[in-house]
Student: 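My questions all concern the structure below.
Not measured: the values here are computed from a predicted model. A note on names: the letters A, B, ... follow the listed sequences, proteins ahead of strands, and every chain is numbered from 1.
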Protein chains: 2
Amino acid sequence: MARKTKADALATRAAILDAAEAVIEREGIPATTLNQIGREAGVTRGAIYWHFKDKEDLLDAMVARAAFPLDDLRAADARAETTDALDELRQFGEQALIRLAEDPHYRRVCRILLHGCVRLGRHHLFIAEEEAVKSNIHDALVRLFQKARDQGTLDPAINPELAAWSFGSYMRGLYSDWLLAPDRIDLAQSASAILGTYLNGVRARDDGNDAAR
Amino acid sequence: MARKTKADALATRAAILDAAEAVIEREGIPATTLNQIGREAGVTRGAIYWHFKDKEDLLDAMVARAAFPLDDLRAADARAETTDALDELRQFGEQALIRLAEDPHYRRVCRILLHGCVRLGRHHLFIAEEEAVKSNIHDALVRLFQKARDQGTLDPAINPELAAWSFGSYMRGLYSDWLLAPDRIDLAQSASAILGTYLNGVRARDDGNDAAR
DNA sequence: CTTTACATACCGGCGTGTATGTATATTTTC
DNA sequence: GAAAATATACATACACGCCGGTATGTAAAG
């Protein structure tokens with residue numbers, strides 16, 4: 001072939017990124033070759049090198065396309081000014097798990113970031129990006145747990161900072177574990193129960209004498 | 001050099017395995033070359049190919065050296081015949097986290113298995129092994145939660161099977177998350193609180209009328 | 001003298017990056 | 001508005017290095 005129209009070129013670029021996702025999901029980043037990506041996308045390495053500086057640049061663009069539900073979390077935090085913070089947290093967590101179960105694109109990117117050898121070797125470019133996202137998530141979680149404490153729904157024995165870390169790890173573990181064996185559990189259906197058991201543990205126990213307030 | 005004594009040879013073998021751990025921890029499995037391992041171990045690839053059939057064989061031997069605390073979990077399950085199952089679970093979890101924080105060897109292997117691209121590409125050999133361990137862990141957890149249910153300490157609304165899965169994911173998330181940023185939290189010190197918040201959520205609430213039994 | 005425990009040398013393959021070819025879209029010129 | 005010039009969007013070909021595997025050398029242990 002030869003030169004395509006501008007729209008065609010953009011489609012090619014997107015196809016390359018899609019192919020990269022698919023191949024990397026199977027093989028992991030270090031084992032993925034530009035040949036495989038090209039074959040999957042139906043182009044040669046020439047096309048890849050035209051659209052991207054090098055392999056690193058391609059990976060960077062691929063990760064950049066992934067949108068994490070950070071906005072949802074922030075929205076939940078904002079709503080929690082007037083609503084039950086722990087309830088917002090449960091709803092957010094449920095939504096995240098359901099999205100993982102039902103959005104194949106999101107699932108692929110999560111698999112790559114969790115099991116794709118992202119932070120080994122010298123892939124410093126997007127680990128900085130992901131680190132920032134993680135840090136933002138943690139901050140939002142801390143704020144939510146602080147609101148819960150102020151609302152009196154958080155068990156006073158629990159440190160909001162630690163709770164945020166623990167909750168984040170719980171979600172990461174659920175993501176990671178489920179992605180290894182997606183068929184073992186109907187995640188969308190169990191999401192509510194899974195989140196519930198955890199949040200039960202951090203919620204203050206109203207031992208009768210709390211109804212007065 | 002030339003031929004060493006039998007003990008020397010064993011030491012060389014161990015050095016190669018140690019080096020493999022160290023390099024793979026940094027680079028991940030697919031990006032690790034036998035040259036790097038040899039350099040790290042102070043030998044050439046010749047030595048590696050003498051002790052191991054090929055790369056896969058070396059990796060297999062490396063993973064085989066790692067002992068997972070499956071026995072501890074089974075012991076906890078056995079003790080739970082006469083003790084509080086949820087308490088056994090908490091103690092086991094704490095021990096596991098503390099070991100992760102304090103045993104560098106265990107830490108390395110966990111990092112490799114969690115972030116080393118183990119199950120991508122064609123490393124079928126030891127994913128079978130790890131799959132079996134995981135399955136055993138899950139079974140032991142289910143038994144423990146069932147005991148807790150029988151003992152009346154488990155919230156009756158919670159399904160033991162789901163709880164086992166959820167608890168396993170929680171631990172995996174804690175491992176995975178902490179290994180990414182070990183300095184952010186003093187794991188050994190927080191272990192108790194971290195486990196406590198979770199197990200609080202699954203424990204039956206004795207709303208007064210449970211003291212009779 | 002044979003076996004062991006490696007080191008060294010060699011080979012085929014593959015992957016990255018780059019240089020070059022080329023047909024077409026787009027722009028420029030008249 | 002058609003032809004010429006040029007930039008675009010790739011495909012093809014090439015150079016280079018490195019990696020895994022194997023074949024061979026070799027000095028000391030047994």
Side-chain angles (χ1 to χ4, degrees), chain A residues 1-20 22-24 26-62 116-117 120-126, chain B residues 1-20 22-24 26-63 116-118 120-126:
Chain A
M1 309 251 163
R3 193 185 174 201
K4 316 264 194 67
T5 176
K6 208 146 199 162
D8 287 345
L10 275 182
T12 301
R13 188 189 140 97
I16 291 171
L17 290 175
D18 287 344
V23 176
I24 292 177
R26 293 197 304 266
E27 307 291 337
I29 287 182
T32 293
T33 140
L34 296 185
N35 257 326
Q36 299 174 60
I37 296 177
R39 209 177 312 136
E40 180 102 6
V43 297
T44 66
R45 277 173 41 248
I48 298 178
Y49 275 100
W50 198 88
H51 283 284
F52 305 98
K53 186 175 153 289
D54 54 14
K55 191 181 181 181
E56 191 84 26
D57 188 41
L58 165 60
L59 299 180
D60 219 30
M62 189 196 70
C117 247
L120 302 175
R122 288 304 113 202
H123 296 287
H124 19 16
L125 287 184
F126 44 86
Chain B
M1 306 269 160
R3 193 185 173 198
K4 315 266 193 65
T5 174
K6 207 142 199 164
D8 286 346
L10 274 181
T12 301
R13 188 190 140 96
I16 291 171
L17 289 174
D18 287 344
V23 176
I24 291 178
R26 293 196 306 266
E27 307 291 337
I29 287 183
T32 294
T33 139
L34 296 184
N35 256 327
Q36 299 174 59
I37 295 177
R39 210 179 310 136
E40 179 101 7
V43 298
T44 65
R45 275 174 41 246
I48 298 178
Y49 274 100
W50 169 254
H51 284 284
F52 306 97
K53 184 175 155 291
D54 53 16
K55 191 181 183 181
E56 192 83 27
D57 188 41
L58 165 61
L59 298 179
D60 221 29
M62 189 198 70
V63 173
C117 246
V118 176
L120 302 175
R122 290 299 113 202
H123 295 287
H124 18 15
L125 286 185
F126 43 86

Student: Does any N or O donor sit under 3.5 Å from an N or O acceptor when you compare the side chain of A:R45 with the base of C:dG15?
Tutor: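 No, the side chain and the base share no sub-3.5 Å donor-acceptor pair.
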Student: Whole-Å distance between C:dT18 P and A:I48 CD1?
Tutor: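 One finds 15 Å between P of C:dT18 and CD1 of A:I48, rounded.
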Student: Tell me the interatomic distance from B:F52, atom CZ, to C:dC6, atom P, rounded to whole angstroms.
Tutor: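 The distance from CZ of B:F52 to P of C:dC6 comes to 11 Å, rounded to the nearest Å.
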Student: Heavy-atom nearest nucleotide on DNA chain C for A:Y49 versus B:A9: which residue maps closer to 5'?
Tutor: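 Final value for this comparison: B:A9.
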Student: Over how many whole Å does the gap from B:K6 atom NZ to D:dA29 atom P extend?
Tutor: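 After rounding, the reported distance stands at 14 Å.
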Student: Please check the phosphate of D:dG30 (OP1 and OP2 only) for any side-chain N or O of B:T5 closer than 4.0 Å.
Tutor: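 Yes, within the criterion.
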Student: Please report the distance, rounded to the nearest Å, between CG in B:D8 and P in C:dT4.
Tutor: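 These atoms are roughly 16 Å apart.
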Student: From B:L59 CG over to B:L17 CG, what is the distance, rounded to the nearest 0.5 angstrom?
Tutor: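 B:L59 CG to B:L17 CG: 10.0 Å, rounded to 0.5 Å.
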Student: A:W50 has an atom CH2; how far is it from atom P of C:dT18, in whole Å?
Tutor: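 Taking atom P of C:dT18 as the reference, CH2 of A:W50 is at 16 Å.
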Student: Reckon A:H51 has a side-chain N or O less than 4.0 Å from the OP1 or OP2 of D:dC10?
Tutor: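 For D:dC10, OP1/OP2 do have a side-chain N/O of A:H51 under 4.0 Å.
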Student: Say you draw a straight line from CZ of B:R26 to CD of B:Q36; how long is it, rounded to the nearest 0.5 Å?
Tutor: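 Answer rounded to 0.5 Å: 7.5 Å.
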Student: Across the strands shown, which category fits B:T33 at heavy-atom distances under 4.0 angstrom: base, sugar-phosphate, nothing?
Tutor: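 The answer is sugar-phosphate, as B:T33 gets under 4.0 Å only of primed atoms, P, OP1 or OP2.
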Student: B:R13 has an atom CZ; how far is it from atom P of C:dT4, in whole Å?
Tutor: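 Answer to the nearest Å: 16 Å.
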Student: Looking at CD1 of A:I29 and NZ of A:K55, how far apart are the two atoms once the value is rounded to the nearest 0.5 Å?
Tutor: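 Between A:I29 CD1 and A:K55 NZ, I get 8.0 Å after rounding to 0.5 Å.
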Student: Would you mind reading off the distance between A:N35 atom CG and D:dA11 atom C1', rounded to a whole angstrom?
Tutor: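 Atom CG in A:N35 sits about 13 Å away from atom C1' in D:dA11.
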Student: Report the distance from atom NZ of B:K55 to atom C1' of D:dC19, rounded to the nearest whole Å.
Tutor: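 Roughly 9 Å, once rounded to whole Å.
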Student: So how far is it from A:I48 CD1 to A:D57 CG, rounded to the nearest 0.5 Å?
Tutor: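 The distance works out to 12.0 Å.
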Student: If you measure from CD1 on A:I16 to NE2 on A:H51, what distance do you get to the nearest 0.5 Å?
Tutor: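 Interatomic distance, A:I16 CD1 to A:H51 NE2, rounded to 0.5 Å: 5.0 Å.
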Student: Would you say D:dC10 has OP1 or OP2 under 4.0 Å from some side-chain N or O of A:T12?
Tutor: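 Affirmative; the distance criterion is met.
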